[in-house]
Amino acid sequence: MFDPFAWMYRTPRVALISLIVLASIGYFGVYGFGELTERGAQSHNKHFAYLAQSMLQGRLDVDQELTEQMHEIVLFEGKYYIVYPPMTAIVSLPFVAVFGPEFRTGLLSISFAIGAIALMFVWLRRLKCSVEVSWWGAVLFAFGMGFWYSAIKGSSWQFGHVVGVFFMTWSLVEATGKGRGWLAGLLLGMALWARLPMVLATPFIAYFVWNNLRQSADQDSTDDPSQANTRSAWLHAALVFAGVGVFVGLNALYNFARFGTHSNIAYRLIPGVLDEPWYDKGIIHLSYLPRNIHVALFQPPINIHEFPYFVPAWFGMSMLICTPAYFLIAKVHWARRLPWVLVLATLVCMGPGLLHGWPGGGQLGYRFSFDAAPMLIALVALGMSQRFGWRDRGLVILSGLIGIWGLMYIQQVPVQWLYWPPAP
């Protein structure tokens with residue numbers, strides 16, 4: 001059957017280049033169009049640019065006059081602090097140094113997003129997916145699961161997701177490539193310093209390092225793998241924990257320098273945060289699971305009774321509606337170990353988001369799913385690998401079209417649907 005897209009992935013190199021070109025056109029194009037039409041492609045919430053400015057001055061707090069234009073700021077012993085981990089500010093340092101704190105963070109966010117898309121393709125190839133399936137999987141990630149919207153906004157919350165996904169996917173590429181446990185661990189540590197829940201991927205990254213090196217030893221030996229090779233696989237798996245531990249330690253020091261404690265207490269220090277109705281049992285609680293499952297899997301679009309009649313629910317919308325390609329996971333061959341590892345990793349990494357009192361907000365789809373984005377896309381790719389055909393392509397294309405619909409109409413969401421729970 002004729003495939004009009006086949007020329008874009010006739011070789012791995014061509015596939016990677018075409019992905020970068022497509023993502024660049026789509027992401028920068030939508031960003032530029034938003035700015036030209038004054039639709040606000042660039043978010044005004046740029047906490048990390050201001051934190052980067054403070055870091056360049058040798059401080060961890062931000063200037064008081066800036067706090068009026070930022071949400072979720074903590075006042076502690078006369079100084080104002082940003083509650084989120086600082087990796088996004090760290091990667092912004094050279095740009096703030098050159099262009100100042102008013103530089104457009106959306107442009108940097110898009111650059112990291114394009115890097116994450118390229119890494120996603122490599123990650124799928126490392127899982128032995130074909131070039132064709134890997135390309136379509138990366139296209140789904142780029143345009144069909146809400147990542148597009150998050151990258152373009154460049155807000156403090158969205159930018160953190162993008163940087164986290166970038167480093168987590170890079171960690172998985174390393175784990176399934178050369179298998180240097182220390183490097184895979186450090187990369188995941190950088191991810192957790194952008195999105196703390198990503199630390200939960202540590203044992204799974206270690207598993208991929210161990211399994212990769214063990215399989216390599218099997219292939220290099222005509223007999224049983226030597227004891228030395230087996231020890232090397234276990235050593236590199238242990239080094240993943242050591243690499244992540246570096247950033248766990250840095251995070252503890254970061255907290256201590258700000259609040260005099262090694263614990264992650266910043267979010268609880270936000271004035272009035274525990275008075276919000278969605279945090280009636282604290283920031284994280286098991287009782288929040290049903291509401292988050294509803295948003296993540298069942299929340300429909302909003303009917304506004306005029307064109308376009310349906311718009312995205314800004315506080316969150318079903319992943320299955322935003323990304324119908326997720327149904328391809330049903331095609332996975334479950335007799336293998338890999339899909340079960342990916343499912344478990346997905347559930348573990350999404351756990352904190354599913355137990356969080358606030359289901360996300362400011363999102364197209366369910367942005368907490370990005371904490372497990374490489375695993376989710378890998379599961380879809382494994383499903384597509386079973387008799388890949390036009391049904392698979394069609395669901396990816398449909399997911400992309402829904403993404404375009406979301407980008408076009410998310411700013412038409414009625415005000416009562418901007419926050420959870422929606423006003424009656």
Side-chain angles (χ1 to χ4, degrees), residues 48 60 83-91 112 115-116 119-120 122-123 126-127 159-214 231-258 261-267 284 338 341-356 368-378:
F48 294 117
L60 296 178
V83 301
Y84 321 113
M87 181 52 69
T88 312
I90 292 171
V91 301
F112 270 92
L119 288 167
M120 193 68 71
V122 178
W123 153 241
R126 293 280 167 82
L127 294 181
F159 195 4
H161 280 295
V162 172
V163 172
V165 171
F166 173 85
F167 283 115
M168 176 190 268
T169 311
W170 191 357
S171 176
L172 286 162
V173 167
E174 175 60 36
T176 51
K178 294 185 178 180
R180 293 167 291 192
W182 62 271
L183 181 54
L186 288 175
L187 290 168
L188 185 61
M190 294 178 190
L192 84 86
W193 230 12
R195 280 287 300 169
L196 292 177
M198 289 184 171
V199 69
L200 297 175
T202 304
F204 303 100
I205 300 290
Y207 165 79
F208 282 116
V209 168
W210 171 81
N211 189 60
N212 176 36
L213 295 178
R214 182 183 60 84
R231 284 199 302 268
S232 176
W234 282 106
L235 174 61
H236 280 281
L239 287 175
V240 172
F241 290 89
V244 172
V246 170
F247 279 88
V248 171
L250 287 173
N251 188 62
L253 292 173
Y254 181 62
N255 289 327
F256 188 81
R258 297 184 299 166
T261 177
H262 298 102
S263 301
N264 293 303
I265 65 168
Y267 205 89
I284 300 288
L338 175 60
V341 172
L342 293 171
V343 167
L344 182 59
T346 298
L347 294 175
V348 169
C349 291
M350 286 182 61
L354 290 171
L355 299 177
H356 193 262
F368 289 159
S369 67
F370 298 156
D371 294 332
M375 294 78 167
L376 285 166
I377 294 298

side-chain contact (heavy atoms from CB on, under 4.5 Å) between Trp170 and Trp123, intermediate numbers included: CA-CA 8 Å; Trp170 191 357; Trp123 153 241; over 6 Å; no
Trp193 and Ile90: CA distance, side-chain angles, deciding distance, side-chain contact (heavy atoms from CB on, under 4.5 Å) verdict: CA-CA 10 Å; Trp193 230 12; Ile90 292 171; 3.7 Å; yes
From CA spacing to verdict: side-chain contact (heavy atoms from CB on, under 4.5 Å), Phe208, Arg126: CA-CA 11 Å; Phe208 282 116; Arg126 293 280 167 82; over 6 Å; no
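Between Ala116 and Val165, the closest heavy-atom pair is CB-CG1, 4.3 Å. Taking every heavy atom of both residues into account, Ala201 and Met168 meet most closely at CB-CE, 3.7 Å. Nearest heavy-atom pair, Gly189 versus Val244, reported as atom, atom and distance to 0.1 Å: N-CG2, 4.3 Å. Contact record, Ala194 with Val163: CB-CG1, 3.9 Å, taken as the closest heavy-atom pair. The minimum heavy-atom distance linking Cys349 with Pro352 is given by the pair O-CD, 3.6 Å. Considering all non-hydrogen atoms of both residues, Glu174 and Ala184 come closest at CG-N, 3.9 Å.
Relative ring orientation between Trp210 and Trp234 is described as tilted, the plane-to-plane angle lying within the 30° to 60° band. Using a 30° and 60° split on the angle between ring planes, His161 and Phe368 fall in the tilted class, from 30° to 60°.
A donor-acceptor pair is defined here as one N or O able to donate and one able to accept, closer than 3.5 Å; no such pair exists between the side chain of Asp371 and the backbone of Met198. No donor-acceptor pair under 3.5 Å is formed between the side chain of Asn255 and the backbone N or O of Thr261. Between the side chain of Ser171 and the backbone N or O of Phe167 there is no donor-acceptor pair closer than 3.5 Å.
A 4.5 Å side-chain heavy-atom check between Val199 and Thr202 finds at least one atom pair inside the cut-off. Considering only heavy atoms from C-beta on, Leu172 stays 4.5 Å or farther from Leu187 through its side chain.
Note: Leu200 CG to Leu347 CG = 12.0 Å, rounded to the nearest 0.5 Å.
Aromatic pair Trp182/Phe241: ring centres not closer than 6.0 Å.
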